[in-house]
Every structure is written in structure tokens, then in C-alpha cells.
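Only this structure's heavy atoms are used, side chains among them; waters, hydrogens and symmetry mates stay out. Everything numeric in this text was worked out from a predicted model, so none of it was measured.
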Amino acid sequence: MKMKVAWLVMLLIVGMIVVIVAITESSRSLPQLSSVSGSVERGAYLARISGCIACHTDIDGGGKPLAGGAPIETDFGVFYSPNLTTHKKAGIGGWTIEQFAKAVREGISPVTGDRYYPVFPYTFYSGFSDQDIADLWVAFNTVKPATGKEQSHTISFPFNLRSGLVLWQLLFFDDKSVAADVAGQGRRGEFLVETAAHCGACHTQRNFLGALDRSAWLAGAKNLPGDEVAPSIRGQELSSSGWKVIDISYALSTGIKPDGDVMGGSMGEVIRHGTRYMNKQDRDAIAQYLLEYETD
Amino acid sequence: MKFRYVTGACVLSILFVMTIDVWAHSGATGVVKERMDSMKEMKESMKSLSAMFKGEETYNPERVRDAANILIKTSGENITRLFPEGSLHKPSEAKSEIWSEWNQFNTLAERLNVYSSALSKAANGEYLSDEDGAATMMGAQDMMMGSTLNHMGEMNWTQEEAVTMGVDEVARMPVENVFKLVADTCSDCHTRYRLEKD
């Protein structure tokens, strides 16, 4: 009930500020993306480890790669990932790189102007550099056009009223464009955890409006869909449970924990369809970053 | 008189031990306890195996065989018989999908038996230390669009193909890859059929 009331209040406020937002929308300067040369190999790797392929492919339903239709259950309803193949009608075949960047880094549909629901982790992807976007773009352009199950999200009222997302973004979307190219500054582990692999999306508790609790970053989350629990992956908790760099790195590749347990649930899927494709250097970088992660 | 005391003490001791045993698995009884005990044995084996395969401990074929033999013993029908329909009473971490997808669950248990048997056979064989796993030799096309089950890009087979292979065929692969098949089977089962609470 609290969730529904809050959403409705947000809608009312949105009605008042939508004009201001429209005027100030170009807060992120238009990048000169067409002048950046992308690498298909780098882009494919990034797409894999960032979860694009895992979420946008209906693996359980035998769907074609990136043709969408995979269900993602949340407290707000079930979302179905869109088609990201080069299909001109069903997918993003008719898009430009600038439109792709707008969607991925700003969470705004370049076609309708609607805000995306944060089940799409653009709040993390806003940390992609122009080079990352260029790499992803050329890689996505190699994907054969295909159709999948086209299903609309089944979200309960009032969360199905997208206008609320305008205020949601204003309140909770911390644009990381300033911090883009973190990886280029030698902070690869930080880039992987906080942008590409977006670990915080599951390993941080969300508030009743689905926004991540920044005061408890990476401290774990309860009551995830399917009654799952995501543990804390902060340095202190990891170290006190006996995890070392080699353990985290190995677990991200194989799913095997130092005590011999093999991870299942959503983390099992994350590893099987995402992190196991990382090279050892990247897995080690993630491990190092997490073990050194402290709160202020 | 003394006999009664001794008998009484024996009975109490037995009851005490039984209670401790139950408490050790947070109140698990019957098949739930039996299968949790089996899983615990499997976990110990995986701990031993993974320590060697991640390079923390020296590779020892004998140790690999011992661990694989435990997995053989605790897989296939030996594990599925511990999942009678609807046995979801606490503290079970099983999901009801086990019974609605019984064929798939059964297949995973059988595959674990095949791969564990192959691991035991392959223990003395070629040992690869491919640290980069699926990232090795995987072209952009495969990375982007390849079957999501094709996680072993460095070999000319996929998990889909491995599913049809017998023990001897799997045992001809490098031992580390056989172990990956074992671990993936554990992961497949846990991903689909176990409630993750920690």
C-alpha cells in the first residue's frame, strides 16, 4: 500500500515538473560517438560480462540470442526484456549509436522518450565511456535479426504509469557520466563491479520504490524475487568468511565457493551466462576491489 | 538396580546423540536429513577437488579419485530416491520444481553420475590449467551470439554434446574440463532446484 501511495504522489509531482525536465533534458552533453572507432571483440566481451546477453535472451524458453522475451520477476511485477537484435521492427536495427547511448546510459527510450524501468540497470551503465558504447554498438550490429516472444510487462497499477519514472530518475538516478572511463584510469575492478557487472543491483538492499540504498552499498539484500538472499560482498564480510582473491576469482568462473558449495539461484545464472566469460585478469580485479571495499 | 541405571543411562545417551544429530541439521529428519547429509559429503569432495584445480593444493590423482568416488556414490538414483514427491518440509531447501520437472532433475542426477565416473577415470590423464576458462579462444561471434550453453569455447564440443556422451568418451577429455562438467551439473541443479538463502 505504501508503495502504491508513494507512486501516485510521484505522478502528481511529475505533472508539475515535466516541463522543467523537458527543458533541462540535455544535461548530458551530446557525445561525438560517430567519431569513436569500436571493436567488435571488445564489445562482445563487454556485452557478455555486462549481462546484456543473459537478460535479453530467453534462455529457458529456447529464445534466439538477444531476441528478448526473458521474464524478470520483481516486487513491481514481471518485466520482459526487449529485443536487441538488428531486426528493424522488433529490435534496434533502425537505431543510431547516439540513440543506443541514450538508452543505455540515460535510461531514456530514444524512440518514445519514455524513461525505462530501473530493472534495466542503466543507473550502473551510465558509467560506460564513449569507447565502451562504441564497442558495444559495433558488437550489437553483428547480431542477426530475429524475433522472439513479444510480451508487454505485467506491472500492477500504479507502477504501470511510466510518468512516475521521471521523478524516480530525478530522485534516485545518479548520473555517473562524470566518472566515466574509470577503467581507463587503472581502476578496472571498480569499473567491472560498479558499471559493467553491476553487482550492486542484487547485492544492495532496495527501498520500497525499488531504489538502491546507497548507505548500505554491496552490504547484501534480502527478499529478492524468488525469496532469495544476496550476501554482503564487502571486504570485511568476505575476509571474515575466509574469501581470498583466488577464491572470488575462481568462484566467478566456476560457481564453486571455498567450502565446496556450488552456487545456484540467480548467482548461478549470473556466473553461467556472464562472469564465467571474464578473463582471469578481470576476475582478479573484481576480487581485489571487493576485498578492499570499505565503507567510509 | 545397577542394571536399570546402566540401561537408563544408555537410553538417555542414545536419545541425546540423536537430538544432537537432528540439531546439527537444524531440525532435519528423515529423507530431508539424509539428502542434506549426502550434499554435505558432496560439498567436501568439491572442496577437495576445487582446491587442487584452482592451484591452491598440489594435484594428486589419488585424491581426485577418492573425491570423485564419493560423488559417484551420492549421485544418480542414490540422490533422486531421497526426493519423494512433496518432501518440502523444513529445513529443506528444495524447490517444488523438482517434481514438476522430474525428468530434468533426474537427468541432472544421472549426468552427475556419468561425469563423476569420468572424473575418476580421467584423474591420471592430461591436465590442463586453462585459467581463462570460457574466455579463451572464443571469437566475438560466439561470445555475442553463440549458444549460451557453449561455455567451453576452447574445446570442439558443447555441454549439449557432452550430455549425450558416455563415461569413456568424457573421460578422454582433459581432467580439468571433466571437473568443469561436474561443477556445471551441480550448478544447473542448484540454479533450478535449490532455494538460495545465503
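- The candidate with the highest count of non-hydrogen atom pairs below 4.5 Å against chain B, out of A:Gly268, A:Ala44, A:Gly265, is A:Gly265.
- Looking at every heavy atom in both residues, B:Ala183 comes nearest to A:Ile256 through CB-CD1, 3.7 Å.
- Within the model, atoms NZ of A:Lys257 and NZ of B:Lys47 stand 12.5 Å from one another, a figure rounded to the nearest 0.5 Å.
- Pairing each heavy atom of B:Met144 with each of A:Val143, the nearest pair is CG-CG2, 3.7 Å.
- With respect to B:Lys95 and A:Asp227, no salt bridge is recorded, no charged nitrogen being found less than 4.0 Å from a carboxylate O.
- Heavy atoms from other residues, nucleotides or ligands lying under 6.0 Å from CD of B:Glu97 number more than 12.
- Proximity to chain B (any heavy atom under 4.5 Å) is restricted, for A:Ala47, to the side chain, taken from C-beta onward.
- Side chains of B:Met39 and A:Asp261 form no contact here, defined as non-hydrogen atoms less than 4.5 Å apart.
- Counting non-hydrogen atoms of neighbouring residues, nucleotides and ligands closer than 6.0 angstrom, the CD atom of B:Glu57 exceeds 12 such neighbours.
- Salt bridge status for B:Asp184 with A:Arg276: present, with a side-chain N to carboxylate O gap under 4.0 Å.
- The structure places CG of B:Asp188 at 4.5 Å from CZ of A:Arg272, a figure rounded to the nearest 0.5 Å.
- No side-chain heavy atom of A:Met263 sits under 4.5 Å from any side-chain heavy atom of B:Ser187.
- Proximity to chain B is limited to the side chain of A:Asp60, based on heavy atoms less than 4.5 angstrom apart.
- The number of heavy atoms from other shown groups lying within 6.0 Å of CD (B:Glu56) is above 12.
- For B:Tyr193, no part lies under 4.5 angstrom from a heavy atom of chain A.
- The side-chain heavy atoms of B:Lys54 and A:Asp247, taken from C-beta on, include a pair separated by under 4.5 Å.
- At a 4.5 Å heavy-atom cutoff, the contact between A:Lys144 and chain B is made by backbone and side-chain atoms alike.
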